[in-house]
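What follows is one structure encoded as structure tokens, with my remarks underneath.
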Amino acid sequence: MEPLYNPGGVEERWQHTWEEEGLYNAEADDPREPFVICLPPPNVTDRLHMGHALNASAQDVLIRWHRMRDFNALWQPGYDHAGIALQNVMTRRLAAEGKSLKDVGREEFVQLCWDFIRDYGGQIMGQLRTLGASLDYRRHRFTMDEEYTRAVMRFFAHLYSKGYIYRGTRIVNWCSGCASTVSDLEVNHIEVDDTLTWIRYPLAEGDGHVTIATVRPPTMLADVAVAVHPDDERYRHLVGKEAIVPIAERAVPIIADERVDPEFGTGAVKITSGHDAMDWEIGRDHNLPEPMVIGLDGRMTAEAGELADLTQEEAEERIVARLEERGLLEKREPFRHSVGHCDRSGDRIEPLVLLQWWVEMEELAKPAIAALREGRVHTRPEQQTKVMLSYLENIRPWCISRQLWWGHRIPVWYCPDGHVTMAEGEPEACAECGSGELRQDEDVLDTWFSSALWPFATLGWPEQTPELETFYPGDVCSTGRDINFLWVSRMIWAGIEILGEPPFEWVNYHSMILATDGRRMSKSLGTGVDPTGLIAEHGADATRYGLLKMSSSQDVRFSPGAIEEGRKLANKLWNVSRLLLENAGGAKPGLRPQALEERWIVARLDSAQAQISEHLAQFEFAAATNVLYHLTFDDFCDWYAEAIKPRLYDGDEDAQATALANLERLLKLLHPVMPHVTEEIWSNLPDRQTRLIVAPWPEAAGAHDVELEFEPIQSAAEVFRRAGVRPTLNEEQERIFVSVVKPERVKVDGGNVEAEVERLRDEISRAEGMLANERFVRNAPEEVVAAEREKLERYRRELDALGN
RNA sequence: GGGCGGUUAGCUCAGUUGGGAGAGCACCAGCUCGACAAGCUGGGGGUCACUGGUUCGAGCCCAGUACCGCCCACCA
């Protein structure tokens, strides 16, 4: 063993060995209790980024921990086809070649997507392997695979037959950049500087007018009403009358609706059902028509008359000029408000009224709400449950059709008479009239529609496979908050709807890792840190340790020091192992603790193990790494190993055997976080029967000497003193050791007796004050009062020892 | 507009029912003898954002303020 641990080569070797020996595999006929996590499927064209690496580290710790605890641990891998994202990539590539979608046609385009995936996709699984992620790679799934597609079709058919899926004309979010609709969840509201234009609409009868304020004058050509609040005294007399929309020169009703804010603008608002979400709702409730003057390309349509084909900006200029000529323009002023933008392309969303496919969500959400409320699904951090509930309780219909070519095509066919035939496979004839002339719906399904099935479609659903039987429902979903609604909420209701129970019991939300300056990590900002670079430079173990160490219940900044710490820990462990192994004589591991410091380290290992288990069970990975760090550095290396060194050199077989047994134990506790270095050291231990990855997690604590559970370092010295042990320490350690023989001298040796006396007097008066307080003595827990009494006595003894 | 989170050492962050302010890194000093200088030991350094309240006692509980971040939303 070399003095400096070099993860390069070692890590790859173990990754290959583990996978080749089938140690990542989980089998459906394994009788042990299953433990299942589905990897959130990365986009097939993505490369590993920090979020993937952190989340994979967390999941792998849980999987490896459970595997050692004798669970049948399945970590399910796979990819998502990333509908809009990949379509946009491909569209840009075509454009770079001077081609458009129309030039290549649908069939060829889809083939190009598959080619692209074959050539450039599917890289993350390889990158996850270099992280040591123990996924069952044999079970890899892709949402566009034939089998998975069958599941998507069945899911559609199921929801369609129960009436949850329907086709309807409603207001949608149209993204001109993607040339598709997107769901409400894919729209970001961003503050923009705009202009608010105040326009006079003359009354149809008489001379008066009503002034409205709008940020989008061109849409006035599609106005269908003017609305005011029903309680607004200023306008009550006008409700039921008509106003003339200028330029369009149409009369529209003046209506009353409570959704109008009387405080805003003049308190009167133009209603444009075809181009605004709230107007659309008001329009539906008042049975108003839904004309449109803006087309799919964002330009004015023929309905706009002489303004047809103009851009909205051009149309606005013309309209404002005309209004001014006629004296109907009251004023224009700067106005800042939030406007929907496409999450994918960044383009401004155009609300349009289109015929699309929808999922009616209200009924489907109810069992998911119940599952969250009843604690059948828990979240970490817990507050996220509230967030999820408020989303589900206010859920709205989900637009699932996309005007794309890359994705699962909607399994619906139309005959020339307009009859609708839904079929999981291609039908031969119209279900209604028998016509053989069928045309399939052109649209594909929202990518998230297929992602919702991930926990069971990956297991073979709709077939009743052994995998489905054994591995559903799973246990943990670990993910970022950014896809909470898009993915997690949908898996929950879909799982309950299809299989009767939620797909997992726990949802763990990991930190978002920000750049060191607090900005988002992003390629375009140049703030990204590449985790594969960290792995190459510091090793996978150090990277895993570092990411888990810096993770938290909230978002955190990237900390290079945490990775460095991981590297030091691996090196420290490596070197203490060298010490123990190279001085083990012919001893075989066996726990024969005789000296007090040996019983002490067993107690420390027990105690640390209990803490680690508790932290992992609560998804507190940073706390677990902290325990591991101090256990290894302080307790195991700096005190225990130092203390037994002389006996190791002297060839004391009991000490050697015990040291190896304790090392074994330490390696097991570290393995889930740092699998490679621990497996490598493990392979150097004598008489290994199994790999560490499948070695049993140590027996539960309980056998150790309870009275030895002191705090680490000081207590070690205390233990040595009581044991009469005089380990060979260096001069500094010797000084501490001696000082601990008389604990009251520790601080005084530093020189400042007066300050120490003062401190003790303060402490004594504080403790006396508390104990003299009847309410404290009466109300505080007994242990707290007793602890206070003990402290008081100790302080008094220490003060006496100082001669005061 | 609604909701959630944050503000603790130079930096990144812990701090579990209220009871002696912590870790890692960085910095300083010493040690460096047969695992490791990517080591060991020690040290300096904090008005726990601010104001008020509850309490014998508040980083922690309550009310409010400021600043930062995130999510949701039909602010025309």
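Chain letters run A, B, ... following the sequence lines, proteins first, then strands; residues in each count from 1. Side chains included, hydrogens not; waters and symmetry mates left out as well; all remaining heavy atoms used.
- One finds no salt bridge joining A/R520 and A/D482 here, because no Lys/Arg side-chain nitrogen approaches an Asp/Glu carboxylate oxygen to under 4.0 Å.
- B/rC27 and B/rG46 have their C1' atoms separated by 16 Å, given to the nearest Å.
- Interface residues of residues 569-581 of chain A facing RNA chain B, ordered by number: A/N571, A/K572, A/N575, A/V576, A/R578, A/L579; criterion, heavy-atom separation under 4.0 Å.
- Closest heavy-atom contact between A/F558 and A/T516: O-CG2, 3.0 Å.
- With no hydrogens or angles considered, a side-chain donor-acceptor pair links A/D257 and A/H286 at under 3.5 Å.
- Heavy-atom nearest nucleotides on RNA chain B were determined for A/G561 and for A/N583, and the one closer to the 5' end corresponds to A/G561.
- Atom-to-atom, CD of A/E620 to P of B/rG15 comes out at 8 Å; the value is rounded to the nearest Å.
- Because its NZ or CZ atom is not both nearer than 6.0 Å to the ring centre of A/W639 and within 45° of the ring axis, A/R604 does not count as a cation-pi partner of that residue.
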Which atom pairs, donor and acceptor, lie under 3.5 Å between side-chain atoms of residues 181-188 of chain A and protein residues at least two apart or in another chain?
residue : atom : partner : partner atom : Å
A/T181  : OG1  : A/S401  : O            : 2.7
A/T181  : OG1  : A/Q403  : OE1          : 3.3
A/S183  : OG   : A/L185  : N            : 3.4
A/S183  : OG   : A/E186  : OE1          : 2.8
A/D184  : OD1  : A/N173  : ND2          : 2.9
A/D184  : OD2  : A/R396  : NH2          : 3.2
A/E186  : OE1  : A/S183  : N            : 2.9
A/E186  : OE1  : A/R402  : NH2          : 3.0
A/N188  : ND2  : A/D343  : OD1          : 2.9

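- Annotation: B/rC28 and B/rG64 have their C1' atoms spaced 43 Å apart (nearest Å).
- The CG-P distance, from A/D635 to B/rC40, rounds to 13 Å in whole Å.
- Taking atom C1' on both B/rA14 and B/rU55, the two are 26 Å apart, rounded to the nearest angstrom.
- Contact annotation: side chain of A/E642 to base of B/rA35, donor-acceptor pair present below 3.5 Å.
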Starting at the 5' end of nucleotides 3-10 of chain B, put B wherever the base has a protein heavy atom under 4.0 Å, S where only the sugar-phosphate does, and a dash everywhere else. -SSS----
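- For B/rU17 and B/rG24, the C1' atoms lie 28 Å apart once the distance is rounded to whole Å.
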Dot-bracket pairing map - RNA chain B, Watson-Crick plus G-U, both contacts under 3.5 Å, | cross-strand: (((((((..((((.....[..)))).(((((.......))))).....(((((..]....))))))))))))....
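- Looking only at atom types and distance, the side chain of A/E191 has no donor-acceptor partner in the side chain of A/S338 under 3.5 Å away.
- Between B/rA26 and B/rG34, the two C1' atoms lie 32 Å apart (nearest whole Å).
- For A/D279, there are no salt bridge (charged side-chain N to carboxylate O under 4.0 Å, His left out) partners, not counting sequence neighbours.
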Could you pull out the protein-nucleic contacts involving nucleotides 66-70 of chain B (nitrogen or oxygen on both sides, under 3.5 Å)?
none

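- Here B/rA38 presents its P atom at 20 Å from CG of A/D541, a figure rounded to the nearest Å.
- Taking A/H209 as the reference, nothing meets the ring-ring contact (aromatic ring centres under 6.0 Å, His included) condition, with sequence neighbours excluded.
- In this structure, CD on A/Q312 lies 10.0 Å from CD1 on A/I319, to the nearest 0.5 angstrom.
- Residue A/I212 is classed as having no contact, given no heavy-atom separation below 4.0 Å to the nucleic acid.
- Annotation: A/E333, atom CD; neighbour count of heavy atoms from other residues, nucleotides and ligands within 6.0 Å is above 12.
- A straight line from CG of A/D634 to P of B/rC40 spans 9 Å, rounded to a whole angstrom.
- Of the candidate nucleotides B/rG24, B/rC36, B/rA38, B/rG24 has the atom nearest to the side chain of A/Y629.
- Taking atom P in both B/rC67 and B/rG30, one finds a spacing of 48 Å when rounded to whole Å.
- Looking at heavy-atom distances under 4.0 Å, A/F633 makes contact with sugar-phosphate atoms alone, never a base.
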Give the C-alpha distance, both sets of side-chain angles, the deciding distance and a yes or no for side-chain hydrogen bond (donor to acceptor under 3.5 Å, both in side chains) between A/R332 and A/T195. CA-CA 7 Å; A/R332 304 195 80 199; A/T195 302; 4.7 Å; no
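- The same atom, C1', is picked in B/rG43 and in B/rG52; the two are 39 Å apart, to the nearest Å.
- When every heavy atom of A/A562 is checked against every heavy atom of A/M550, the shortest pair comes out as CB-CE, 4.0 Å.
- In this structure A/F264 satisfies the ring-ring contact (aromatic ring centres under 6.0 Å, His included) test together with A/F335, sequence neighbours excluded.
- Among the nucleotides B/rA38, B/rU12, B/rC25, the one closest to any side-chain atom of A/L4 is B/rA38.
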Using a cut-off of under 3.5 Å, enumerate the N/O to N/O pairs linking the protein to nucleotides 72-76 of chain B.
residue : atom : partner : partner atom : Å
B/rC74  : OP1  : A/R396  : NH1          : 2.8
B/rC74  : OP1  : A/R396  : NH2          : 2.9
B/rC75  : N4   : A/E191  : OE2          : 3.4
B/rA76  : OP2  : A/H337  : ND1          : 3.1
B/rA76  : O5'  : A/H337  : ND1          : 3.1
B/rA76  : N6   : A/D261  : O            : 2.5
B/rA76  : N1   : A/D261  : N            : 3.3

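- The distance between atom CD1 of A/I563 and atom C1' of B/rG24, rounded to the nearest whole Å, is 13 Å.
- Between A/K549 and the phosphate of B/rA23, there is no side-chain N or O to OP1/OP2 separation shorter than 4.0 Å.
- Applying the salt bridge (charged side-chain N to carboxylate O under 4.0 Å, His left out) test to pairs two or more places apart or on separate chains, those with a residue in residues 549-564 of chain A are A/R481-A/D555, A/K549-A/E565, A/E564-A/R567.
- Nucleic acid contact class of A/Y649 (heavy atoms, under 4.0 Å, all strands): base.
- In this structure, A/N394 contributes its side chain and A/S390 its backbone to a donor-acceptor pair below 3.5 Å.
- Of the charged side-chain nitrogens involved, at least one lies within less than 4.0 Å of a carboxylate oxygen, so that A/R216 and A/E350 count as a salt-bridged pair.
- With sequence neighbours excluded, the residues that form a ring-ring contact (aromatic ring centres under 6.0 Å, His included) with A/H676 are A/W18.
- Applying the side chain to side chain contact (heavy atoms under 4.5 Å, CB included) rule to A/E258 yields the partners A/H229, A/P230; only residues at least two apart in sequence or on another chain are considered.
- Atom C1' of B/rC71 sits at a distance of 50 Å from the matching atom of B/rA29, rounded to the whole Å.
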